[in-house]
Amino acid sequence: MSGNAALVRMSRIGKRYGGVQACREVDFSLGAGEVHALLGENGAGKSTLMKILSGDVTDFDGQIEIDGTEVLFGAPTDAQAAGIAMIHQELDLVPGLSVADNIFLGRELRTPLRTVDRRRMDREARALLERSGVRIDPRRPVGELRVGEQQLVTIAKAISLDARVLIMDEPTSALTSTEVERLFDVIRELRRVGVGIVYISHRMEEIAQIADRATVLRNGEIVTTFDPRTLTTAEVVEAMVGRPVQTLFTTPDTDTGDELLRVDDLKLTASRPRPGRRDPDGISLTVRAGEIVGLCGLLGAGRTELLETLYGVAPTGTRSGRILLQGKEIRPRSPRQALAYGIGLVPEDRRASGLVLFHSILANTVLSSLPSYGRLGVIARRQERAASVTMADRLRLKFGRLQDEVGTLSGGNQQKVVFGRMLLTDPKLLLLDEPTRGVDVGAKAEIYRLLGELAGQGLGVLLASSELPELIGVCDRVVVLRDGRDVASFSTAESSEGDLLAAAMGETAVIGEGR
Amino acid sequence: GTTSDRTGGSPSDGASKSCKGADGKYTIGMSQANVAEPYRQRMDDDIRAAAKEVPQFDVKFADAAQDNAKQVADVDNYITQQIDLLIISPNEATPLTAVVKKAFDKGIPVLVLDRKVDGDAYTGFIGGDNVQIGSEAGKYVAEKLLPNGGNIVELKGLAGATPQAERHQGFVDSIKANPKIKIIADASGDWLREKGQAQMDALLKANPKIDVVYAHNDPMAEGAYLAAKSVGREKEMKFIGIDALPIPSGGIKAVEQGRLSATFTYPTNGKEAIAAAKKLLVDCGTIEKSQVLPTRLIDKDNAAKIYAEENPAG
Amino acid sequence: MTEKRSIVATLFRFQSVFGLLAVFIAAIIFSPRKNGAILFVSADNLANVVRAVSEIGIIAVGMTFVILIGGIDLSVGAVLGLAAVGSAVLMVESDWGFLPSVLLVLVIGLIFGALQGVATAMIGIQSFIVTLAGLQIARGLARIWSGGQGVAIAYGDGPHEAPNSFALLGERTFGGLVPIPVLIFAVVAIAAVIFLRVSAFSRHLYAVGGNEKAARLSGVPVVRVKIAVFAICGLLASLAGIVHAVQLNQGSPNDGIGYELDAIAAVVIGGTSLAGGRGSVAGTVAGALLLGVLNNILALNNIDSNIQLLIKGLVIVAAAALQRLRPAS
Amino acid sequence: MTEKRSIVATLFRFQSVFGLLAVFIAAIIFSPRKNGAILFVSADNLANVVRAVSEIGIIAVGMTFVILIGGIDLSVGAVLGLAAVGSAVLMVESDWGFLPSVLLVLVIGLIFGALQGVATAMIGIQSFIVTLAGLQIARGLARIWSGGQGVAIAYGDGPHEAPNSFALLGERTFGGLVPIPVLIFAVVAIAAVIFLRVSAFSRHLYAVGGNEKAARLSGVPVVRVKIAVFAICGLLASLAGIVHAVQLNQGSPNDGIGYELDAIAAVVIGGTSLAGGRGSVAGTVAGALLLGVLNNILALNNIDSNIQLLIKGLVIVAAAALQRLRPAS
Ligand SMILES: Nc1ncnc2c1ncn2[C@@H]1O[C@H](COP(=O)(O)OP(=O)(O)OP(=O)(O)O)[C@@H](O)[C@H]1O
Ligand SMILES: Nc1ncnc2c1ncn2[C@@H]1O[C@H](COP(=O)(O)OP(=O)(O)OP(=O)(O)O)[C@@H](O)[C@H]1O
Ligand SMILES: [Mg+2]
Ligand SMILES: [Mg+2]
């Protein structure tokens, strides 16, 4: 494949952000009809490299050739004109506009009168979405969609560009395995018609499945390029991290203690129902001290909503059923209250709900635990710094200085900051919503190790995840949700990914036939 | 004495039509340009007080808050309400002419206060004469304060406002006689006390010798006084203002208490307006088309007396 | 499910119209009566109500555009004053014809707005501060141009008289019932509604307000959109200034003080979010009418002007609170 | 490398101070001279400059807090007027003592601000609209309380005289050099700077302005923070009103019109982002002083008031443009 005349050739690419060398002397090529995976730890420079190719980042060293001729992009539109489209890691959609409007933004279809041809846009948008196997009403505002659905819209949008080069930066981070499978079908079809695809993901199993070639970046430099079918996951991971990482998806089974959380037939009827939300509709489960319980479900099964309800941020409405923490009934009405009970939440969307992106790493890490540094409302700077440094070390955060803006960290490292913030509050029960979304394998291992350690100290964890291997590997037990109800519960020691998936899909799972 | 003149012999037809004698009940609409100006608030207050004495009258008030368009709407609304008489103190002449004419043509008698409207589609005008006031102030400065000449600074009203131009013109004309009197600087205080103070801060800085501060209204004169006082120079110069409102924060009190040397009344015409309305509606009489009230000099000697006269209740 | 959802959504979409309806009904109830007739609903009075809001309404349409892209324009009142002065000076003092005067004034508003757009979009200064400065500059220019005085407009064919065709703009039409300013407002509003529905530009505008980065990545010409929107707003403000001049027979440099706040209030009451990306011109029209009806009914009842301030403040808050009832986003 | 970067960063951090310095130097150059002395830099004049901005400055400190949480407060000018009226009426007409009057006035401002905070934080109405309504309400209340007229303040021990202790607030201290209002402004500003540096509350405030949702999920009591911030802003506006009353020897309900825009201009020129989450009180102080120096030098040179408007507009834009030069974030 590398023998093919390259569609894209990037040579000696360098890019520096302040003190950080995001890319250094990178040579990268992509052939027509090739799926080239780009791997690396968080902050390795994958997104930066691709932003350079897609015209988003314009000041860099080195050169780019397309079909053998050098190009110079001044803006993303230039790259699009040259046939390069990119699905960005951070979903960049306009919440107020409809799905169809978002897909055709900037190149609206017109009637002969030069007005916008809504009908045709709706029709084509629907066709595009169906091609990737989803049914979303193209007239719905994107802001109403779930993160996963938004990701599908972004994919449809990129596909609609009919690009010759399609860059996918973590396109599946919010998708469950069903949607991932459909996406792979689409990718295979694109490959057949000669589209070159750059595929970035932290899900190792996907790489072996779809990629023809893989390149590993570490600290902005290329470490190796290989055929993914020839290497084991462990070898790939070692190349990425630079050292062997063992026992990825296992946490030591700790002795579980007393019952920490009991949810009894929890139901929530929102007084002003929001379309597409799946509030708890009769959920019962328990979490013991020292136990890690997984929440499994398809897109929109209601995992996020359950965690939100437990954390006191559900919409107002009538609630029935009970929530007991250490045997006492609680009614969390705000995060503040939940935190006082000893419940912490790591939200799903770190940029929108987790971080103040332009504030410092320090300020973001200590935000939830401020009262513990100093007294009388005056902060003891040394204490808070110490706490922040300790937490950064513990999570192996990759950063320059504590005063740097958290938004300049790579995605995975941003996730660690949110995680660390909750740990600093010393919770009894930790609610995790897709905590490893966009987190590299090395960091994942660290997070799992940490979870195991915390569980060993008696912390209870409720972990919602779309990654089945993670659920199986990390959790002691997995509860499966469907349509806002708990439908099954498995001990991970005795069950497989297939069991979970079957339970999650239930009888309504026939939509994606052929699998 | 009241200077008056009869322009055009036409006795107001409107009056005869709306007059229902002493048994009638009358709704009077008062359209004020901007009650945020103390002078105009006092005008409303005077009208209110005078109307209390006429049991047949029920006066409504509207405030245009210095917006011509709003004042047009206010008058329109009075027309809709079918009031019996309109008193208007226009924000500006031209913009209100049409709507005043509309009311007048509908048979509503119109009394215009303070500022005229264009043309003669109104029943009567009652106002002061700003040129004359400026000239009285000039005369006072030339004869009483600076017979041997001296330096004046002038604090003007809002740039572009007619009274500002007139008070300036009258003043300049009447100090011309004495070439030793010089206006060495001026600044615009926008009629406001704090603006007068801030401008005076700078004027004091730039001018080491000031003998008289002539402000186009009392609030600016007070502001100038405060500025001079804060650098200990208030004794070096005299302050004169205009308006002489008989209210606690007005110029008469300031003269009485020695901050201002003199001020000149600018009549609010409130009492006179109600008297005219009574004549038209209750007595079925006619009124002068134009009634110009004279100004009065207020100085240390008469301030207390006049203040008491103007506030009979206390 | 979807059925129900869309009905509810539609209802909420038009809730600013409901607010207007509520105020309208309240106005009828609280209207004074004379000889059995409800004064508020007389044709004359209703025409007055709409005429009184037509200028604010025209401005508010432009303001809606600016707010939709997440900006704000504080200069509109001053630009109105500048345009009013311009019309008067050109036609009366310079004896220009109707069309050239009006065109020049509109172009001045357009350019003034566009320059503010440039400062916002290309230099990146927050629009609040750009247009706050623009307010002062426009006001200063108007004062200088007019010599500080209102310039009276007389009509006729003689020298220093404005052409009669200009006077027509202030008349009434359709049997003396509909004032032309109301007609102009209606045309502007309808044109804007249609424009926002059918044009590609409007998608770009919502996108810039909703997620500027996404818009840029999608190839939306963000800078051009911003400049265009501020230019449109300036244009409409100067159109309002022309209407203002003809209604008051003068161009005064001090006209339009504080109109920006009224216009913004109309936009926000109409359900457009100051954060950008969400809102509609139809809502703005309803918001402007609501304010007009409120002013009118308070005046018809001769409510004391101070109490009026209190009531208006409370109604504005109430109307805005009503907006919050929409399904959260 | 890091060394160099941090020096640059520090420089940019204080760039609003640089703006001030630039204007200061320009003022010296353009200052008129008398007998060889540069009028602008005389101690007297500098004291005047600061005294003239002390009220706006005090307000702007509170405004900084509000803007830091991503809000805006348009009611401050009206609250200043209300407080000025309150001080005058209580001390002169009701013959209250110094302390009770001042305390009551401060509490009124605090509560007024807090109520606006409640409407914003709990009902969720945009602060622009809440405080626009608040402006009208405060102005209406002030007019009603004062009877529409300014209430003159005379000092003494007799009936209807304000206590002499109140007059002291308007005097000068430190050998007649420093006006007390300046001292009050300085104390407020320094207290605010320290407060924002050391308090846990300030972290919450910045977080709410930076990303409200993230702040809430992190356990920040968002509603309480917002209410507190609006309350502080109301408190400081009424403090400014007290200072205003004593400086002008009267409380007038129409005082403070338009002060909100000056205060916002000071905040933004000082580098605080209207989007919230970014900015400092030190910058605001520099911004307020910049505006004060600008006003003073224009007045010292007797610049025509219309030209002043133009110059001020351009300087504001220039100062804001300077802010944009900070290293991109
Ligand atoms: N706008 C920016 N400003 C400053 N530093 C940046 C910026 N964007 C990226 N960086 C830095 O450049 C490095 C590479 O970032 P990049 O986003 O390319 O990593 P990545 O490989 O995509 O990581 P992830 O897997 O977490 O998405 C990181 O150290 C990051 O902190
Ligand atoms: N239509 C909607 N309107 C508003 N909020 C929504 C809507 N749909 C989902 N949400 C909220 O958006 C967030 C993201 O939804 P999300 O993408 O997490 O669904 P999911 O993770 O696929 O499914 P699950 O509900 O099982 O977590 C959640 O807080 C959810 O409550
Ligand atoms: Mg990345
Ligand atoms: Mg979820």
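Letters A, B, ... are given to chains in the order of the sequence lines, protein chains preceding strands, and every chain is numbered from 1.
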For chain C and chain B, give me every donor-acceptor pair shorter than 3.5 Å, distances to one decimal.
residue	atom	partner	partner atom	Å
C/Lys34	NZ	B/Gln81	O	3.0
C/Arg51	NH2	B/Asp76	OD2	2.7
C/Gln149	NE2	B/Gly160	O	3.4
C/Gln250	NE2	B/Glu92	OE1	3.2
C/Gln250	NE2	B/Glu92	OE2	3.2
C/Ser252	OG	B/Glu92	OE2	3.4
C/Asp255	OD1	B/Asn68	ND2	3.1
C/Tyr259	OH	B/Asp67	OD1	3.0
C/Tyr259	OH	B/Asp67	OD2	3.0
C/Asn296	ND2	B/Asn77	OD1	2.8
C/Ala299	O	B/Gln81	NE2	3.4
C/Asn302	ND2	B/Gln81	OE1	2.5

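- Highest contact tally toward chain B, considering only C/Ile257, C/Leu298, C/Ile153, C/Leu248, is held by C/Leu248 [criterion: heavy-atom pairs under 4.5 Å].
- The side chain to side chain contact (heavy atoms under 4.5 Å, CB included) search around C/Leu169 returns C/Phe98, C/Phe166, C/Ile180, C/Ile184, C/Ile242, C/Val246, not counting sequence neighbours.
- Looking at B/Ala69, both its backbone and its side chain come within 4.5 Å of chain C, counting heavy atoms on both sides.
- Applying the side chain to side chain contact (heavy atoms under 4.5 Å, CB included) rule to C/Val178 yields the partners C/Thr173, C/Phe174, C/Val182, C/Leu183; only residues at least two apart in sequence or on another chain are considered.
- Under the side chain to side chain contact (heavy atoms under 4.5 Å, CB included) criterion, C/Val187 pairs with no residue, sequence neighbours left out.
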